[in-house]
Amino acid sequence: DHEGAMWIGTIQGLTRLWQKDGKYYSRSYFDKQGDPGSLIDNDVSAIFEDPRRNLWIGTHNSGLELYDRTKGVFKHFMSRKGDTNSISSNVIRRIKTGQDGRLWISTLNGINILDLDNFKFTVLNHNPEDPTSLNHNSIYDILQDATGSMWVGTYFGGLNIVKPRE
């Protein structure tokens with residue numbers, strides 16, 4: 001991260017490693033039942049620090065986390081059926097930043113683009129009626145090229161290109 005620490009995610013939680021004055025230190029974070037500020041799921045699938053120095057944690061089954069370094073707590077973003085402002089899936093695979101500063105989050109159910117100013121999600125999904133939509137919802141990875149286009153790898157539909165918005 002921007003402080004020189006290394007974050008490691010496993011199926012047994014999240015660990016921060018850092019060095020200070022020639023010594024190594026670590027701190028681990030876990031799902032503590034009944035503690036709403038703890039990590040919501042020990043199965044960490046993605047870790048990403050955005051340009052604003054926010055630390056984002058993706059979980060394998062419980063959505064997206066934003067770690068508040070000042071308070072030492074996690075804010076949870078989970079899929080809620082019928083809520084169009086929530087993330088589309090709790091299975092998070094990758095987290096990236098687009099040229100415009102929004103987060104691109106690959107999930108089991110499409111791409112979720114998070115506006116960091118208002119924490120609203122825009123979801124890109126496969127739509128069989130729209131040939132310009134993603135060709136599959138199960139997104140594995142995202143890579144941005146020099147033109148700002150996002151290359152989207154899916155599990156079952158191959159490769160997609162999402163051009164930057166005008």
Side-chain angles (χ1 to χ4, degrees), residues 1 6-16 28-52 54-69 73-130 132-145 149-162 165:
D1 67 8
M6 182 169 31
W7 292 85
I8 301 166
T10 71
I11 61 171
Q12 296 180 342
L14 177 69
T15 300
R16 179 179 186 254
S28 295
Y29 303 84
F30 304 101
D31 176 12
K32 297 177 187 167
Q33 297 294 317
D35 181 355
S38 74
L39 192 64
I40 200 165
D41 186 341
N42 287 332
D43 195 350
V44 175
S45 57
I47 303 169
F48 182 74
E49 184 178 56
D50 70 28
R52 297 181 183 185
N54 293 315
L55 188 69
W56 296 91
I57 309 300
T59 67
H60 186 71
N61 287 308
S62 299
L64 183 68
E65 308 264 15
L66 171 58
Y67 181 60
D68 183 330
R69 297 176 202 243
V73 297
F74 292 88
K75 177 180 174 144
H76 316 298
F77 297 87
M78 296 182 71
S79 179
R80 292 181 305 276
K81 193 173 185 168
D83 183 351
T84 58
N85 290 321
S86 74
I87 197 163
S88 67
S89 172
N90 287 327
V91 178
I92 309 299
R93 294 200 174 115
R94 301 285 185 272
I95 307 166
K96 308 278 178 144
T97 304
Q99 276 184 336
D100 61 2
R102 297 181 303 164
L103 287 189
W104 287 62
I105 303 149
S106 65
T107 75
L108 187 64
N109 189 25
I111 297 171
N112 290 257
I113 304 170
L114 178 61
D115 185 321
L116 295 177
D117 292 326
N118 60 19
F119 293 103
K120 300 249 187 215
F121 290 94
T122 302
V123 179
L124 303 180
N125 283 101
H126 170 67
N127 177 350
E129 305 295 320
D130 181 0
T132 65
S133 72
L134 297 176
N135 60 13
H136 200 275
N137 283 333
S138 186
I139 309 302
Y140 183 73
D141 207 351
I142 307 168
L143 178 69
Q144 186 171 49
D145 68 20
S149 293
M150 290 293 205
W151 293 76
V152 179
T154 70
Y155 266 99
F156 304 107
L159 193 61
N160 296 259
I161 301 174
V162 179
R165 64 182 182 183

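Numbers here are sequence positions counted from 1.
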Heavy-atom pair of closest approach, residues Thr15 and Ser28: OG1-OG, 3.0 Å
Nearest heavy-atom neighbours spanning Ile142 and Met150: CG2-SD, 3.6 Å
Heavy-atom check, side chain of Glu65 versus side chain of Leu14, under 4.5 Å: no
Gap between atom OG1 of Thr154 and atom NE2 of His126 - 0.5 Å precision: 10.5 Å
Trp104/Phe48 under ring-ring contact (aromatic ring centres under 6.0 Å, His included): CA gap, chis, key distance, verdict: CA-CA 11 Å; Trp104 287 62; Phe48 182 74; over 10 Å; no
Heavy-atom closest contact (Tyr29 atom, Leu39 atom, distance): O-CD2, 3.6 Å
Pairing of Arg52 and Asp50 as salt bridge, 4.0 angstrom limit: no
Heavy-atom closest contact (Asn42 atom, Phe30 atom, distance): OD1-CA, 3.3 Å
Where Asn85 and Asp83 come nearest, the two heavy atoms and their spacing: N-OD1, 2.9 Å
Donor + acceptor pair across side chains of Asn61, Asp41 (<3.5 Å): no
Reported CD1-to-CD1 distance for the pair Ile47 and Ile95, which is rounded to 0.5 angstrom: 8.5 Å
Ion pair Arg94/Asp141, N-O distance below 4.0 Å: yes
Matching residue for Thr107 among Val123, Ile139, Ile92, Leu64 - test: side chain to side chain contact (heavy atoms under 4.5 Å, CB included): Ile92
N/O donor-acceptor pair under 3.5 Å between Ser86 side chain and Arg80 backbone: yes
Side chain to side chain, Leu55 and Arg16, heavy atoms closer than 4.5 Å: no
Heavy-atom side-chain proximity of Arg93 to Tyr155 below 4.5 angstrom: yes
Tyr140 atom OH, over 12 foreign heavy atoms within 6.0 Å: no
Inter-residue atom distance His76.NE2 - Asn90.CG, 0.5 Å rounding: 12.0 Å
Between CD1 on residue Ile87 and CD1 on residue Ile105, distance to nearest 0.5 Å: 4.5 Å
Shortest non-hydrogen contact from His60 toward Ser45: N-OG, 3.7 Å
Distance in Å, Thr97 OG1 paired with Glu49 CD, rounded so as to fall on 0.5 Å steps: 10.0 Å
Polar side chain donor-acceptor pair, Thr132 to Asp130, under 3.5 angstrom: yes
Whether over 12 other heavy atoms sit under 6.0 Å from Gln12 CD: no
Heavy atoms of other groups near Ile11 CD1, more than 12 under 6.0 Å: no
Test log, rule side-chain contact (heavy atoms from CB on, under 4.5 Å), inputs Ile40 and Phe74: CA-CA 8 Å; Ile40 200 165; Phe74 292 88; over 6 Å; no
Under 3.5 Å side-chain donor-acceptor pair for Ser89 and Ser79: no
Side chains of Asn125 and Asn137, donor plus acceptor under 3.5 Å: yes
Parallel, tilted or perpendicular, as decided by the 30° and 60° cut-offs, for the rings of Trp56 and Phe119: tilted
Nearest-0.5 Å distance that lies between atom CG in Asp115 and atom NZ in Lys120: 9.5 Å
Test item: Asn112 side-chain N/O and Phe121 main-chain N/O as donor-acceptor pair under 3.5 Å: no
